[in-house]
> 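To start, I am sharing the structure in question, which I have written as C-alpha cells.
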Amino acid sequence: MEKQRKPKNIFVEGPISPEKIAQSIANHSSKTDIGGHSIFLGQVRADEKEGGKVRAIAYSAYEEMALEKAFEIREEIFAKYPLTCMHIYHSLGEVKVGEICLFVFTSSKHRKAAIESCEELVERIKKELPVWGQELVDNEKAVWKENQ
Amino acid sequence: MEKQRKPKNIFVEGPISPEKIAQSIANHSSKTDIGGHSIFLGQVRADEKEGGKVRAIAYSAYEEMALEKAFEIREEIFAKYPLTCMHIYHSLGEVKVGEICLFVFTSSKHRKAAIESCEELVERIKKELPVWGQELVDNEKAVWKENQ
Amino acid sequence: MGSVEHKFKVLAFGMIAEKLKTSELELEGIPSTEVLKGYLFQQYPEIKDTKFSISVNRKQVKGDSPIPNEAEVALLPPFSGG
Amino acid sequence: MGSVEHKFKVLAFGMIAEKLKTSELELEGIPSTEVLKGYLFQQYPEIKDTKFSISVNRKQVKGDSPIPNEAEVALLPPFSGG
C-alpha cells in the first residue's frame, strides 16, 4: 500500500529550538533502514544595516499558499530521490539573532540522496515559498529582506 | 591575529546522542555572523547480511593517524570555504542500529559554503580516515565493512 | 440588477501590505490581473516602484491572467524566507 | 655488535589484525615496504587475499617506500568509517 501524504503544517511560532531538532533526530532511531541524515539550519544574522544592527527578523507568510507549495515541493523531491523521511519547519513571527528560523531534514538509506535533496529543498524553499522576513534593527527601523 | 588551530579529538566512545547534537547547535547561537548550518549524521542501518541482520557496528581506528588526517582535512576545508565553524565527531566502539556514528557540522555566513563544505567533509572522512566498522549480526558473526 | 456580480478578494503581503496600509481588499468588476495592476497603480501610486508578483487562487501567474469570480488574488513581494 | 640496529613497529588494523591474530609486531632489518609485504605474505599467507595499504609514520605510501629506523608502519585494510 502506497503511503498517502497530506499537506502538513511547516510553520512554528517563533524560533526553532535545538531541543526540537534533537527530538526530531531521536524520533528517527527506530527507522533502521536510514543510513544518513542531512540537516540544514537557517540562523538569523546580526547584519549591519543603515540605521543599526539587525536584532531580529519578523517572518510572515501567505500561509495557505505556502503550505500548498511546500506540499508540492515535498512530493516532487520524494519522487526524485529515494528518501525515507523529509521534514521542513519554518518560523513565523520574531526570531532573534543567533536563533534558528529554518530547519530542513532529509533521511535516506545512502548518504547521497539525503545530502542532495536537502540542498535542493533549501533552495526551493527560499525561492518558492511565499514567506517574508523583515529585518528589525536597533533603532526600530525595519527593512524587508529579499532572497538572492 | 590569525586563529591558531590545533588537532582536536574527533572520537567519542559509543553513539553520538541527539542531546550532544542539540548542545552543539545551541553553542552557536552566540555567533551572530552565522547564517546557515549544514549537518550530516551517519546512522547505523539494520542491513541484511549472510547469517542475519546487523544489530550494531563496532568501530575501531588508527587514532593518531586519523587525528592527524582529520586536522589536515580541516585545514584544507577552512582554506577552501569561508566557514565560521567546523566540527567532526566519529564514534568508536559499539554503535547499535538506529544510533548516530558520525556527526559533521559546518557553519558559515551564507548557506552555500556550509552546505558544500559539509558534503566534501563527509566524502573525505569516509575515504581518508583510517577508521573501520565491523558489522555485528544476530548470530555473532562479524563482517568488515568497506566504503564505496 | 440581475447582472452577475464579479467580486474577489485581494491579499497583500510584506512591503506591499505596508504601502497599501491594509492586508486585504475586496474588489469587483476587474476581469484580469493586468487590469488589476492598472487599478492599483492608480489608487496606490506608492506601490509603482515596488516589485511584486501576483497569485490567483494560490497559484502564481505570469502575464495577464483572468480573475475568476470569488477568486483569492494575492500581491506577493519578492520572497525572503529561510 | 657495533652494527646499527634497524627496528620498527608494525600496527595491524581491522581484518588484517584479525588474520595476523595480533595488532602489533616488532620487526627489524626490513628496508622497505615491498620487502615487508614479501615477509608478511610468507609468514602469514592468509593475508595474501586481503586488500590493504601501508602507512609509514602515519602517512600512506604508494609503491615501494623505505622504512626508516624506529618507524611506525601500519597495515590498513580499506577504510569504512562514517
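Protein chains get the first letters and strands the later ones, always in sequence-line order, with residue 1 at the start of each. Keep in mind the model is a prediction, meaning the values are calculated, not measured.
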> Which heavy-atom pair separates C:S80 from A:G133 by the least distance, and what is that distance?
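The answer is OG-N, 2.9 Å.
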
> Could you check whether C:Q60 and A:E128, counting side-chain N and O atoms only, form a donor-acceptor pair closer than 3.5 Å?
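No, because no side-chain N or O of A:E128 sits under 3.5 Å from a partner of the opposite role on C:Q60.
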
> Are there more than 12 heavy atoms of other residues, nucleotides or ligands under 6.0 Å from atom NZ of A:K96?
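It does not: A:K96 NZ has 12 such atoms or fewer within range.
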
> For chain A, which of C:K59, C:R58, C:E72 has the most heavy-atom pairs under 4.5 Å?
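Highest number of heavy-atom pairs under 4.5 Å: C:R58.
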
> Can you measure from OH (A:Y62) to CG (C:L75) and round to the nearest 0.5 angstrom?
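Interatomic distance, A:Y62 OH to C:L75 CG, rounded to 0.5 Å: 10.0 Å.
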
> Ring-plane angle category for C:F13 and A:W132, please: parallel below 30°, perpendicular beyond 60°, tilted otherwise.
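Plane angle under 30°, so parallel.
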
> Can you tell me how far the CD atom of A:E64 sits from the CG atom of C:L11, to the nearest 0.5 Å?
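Result: 7.5 Å between the selected atoms.
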
> Can you tell me if A:H90 uses its side chain to pair, donor with acceptor, with the backbone of C:G82 under 3.5 Å?
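Yes.
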
> Quick one: what part of C:S53 sits under 4.5 Å from any heavy atom of chain A, side chain, backbone, both or neither?
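For C:S53, there is no contact with chain A at all, as no heavy atom is under 4.5 Å.
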
> Go through A:Q134, A:K126, A:Q43 and name the one with the most non-hydrogen pairs under 4.5 angstrom from chain C.
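Counting heavy-atom pairs under 4.5 Å, the top option is A:K126.
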
> Can you tell me which portion of A:I125 sits under 4.5 Å from chain C's heavy atoms? Options are side chain, backbone, both or neither.
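No part of it gets close to chain C.
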
> Among C:P77, C:S23, C:A74, which has the most heavy-atom pairs under 4.5 Å with chain A?
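Top count of heavy-atom pairs under 4.5 Å with chain A: C:P77.
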
> By a 4.5 Å heavy-atom criterion (distance strictly below it), what part of A:A61 contacts chain C: side chain, backbone, both, or neither?
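Backbone only.
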
> Over all heavy atoms of both residues, which pair between A:K127 and C:F79 is shortest? Give the atoms and the distance, please.
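What the structure gives for the nearest pair is O-CD1, 3.1 Å.
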
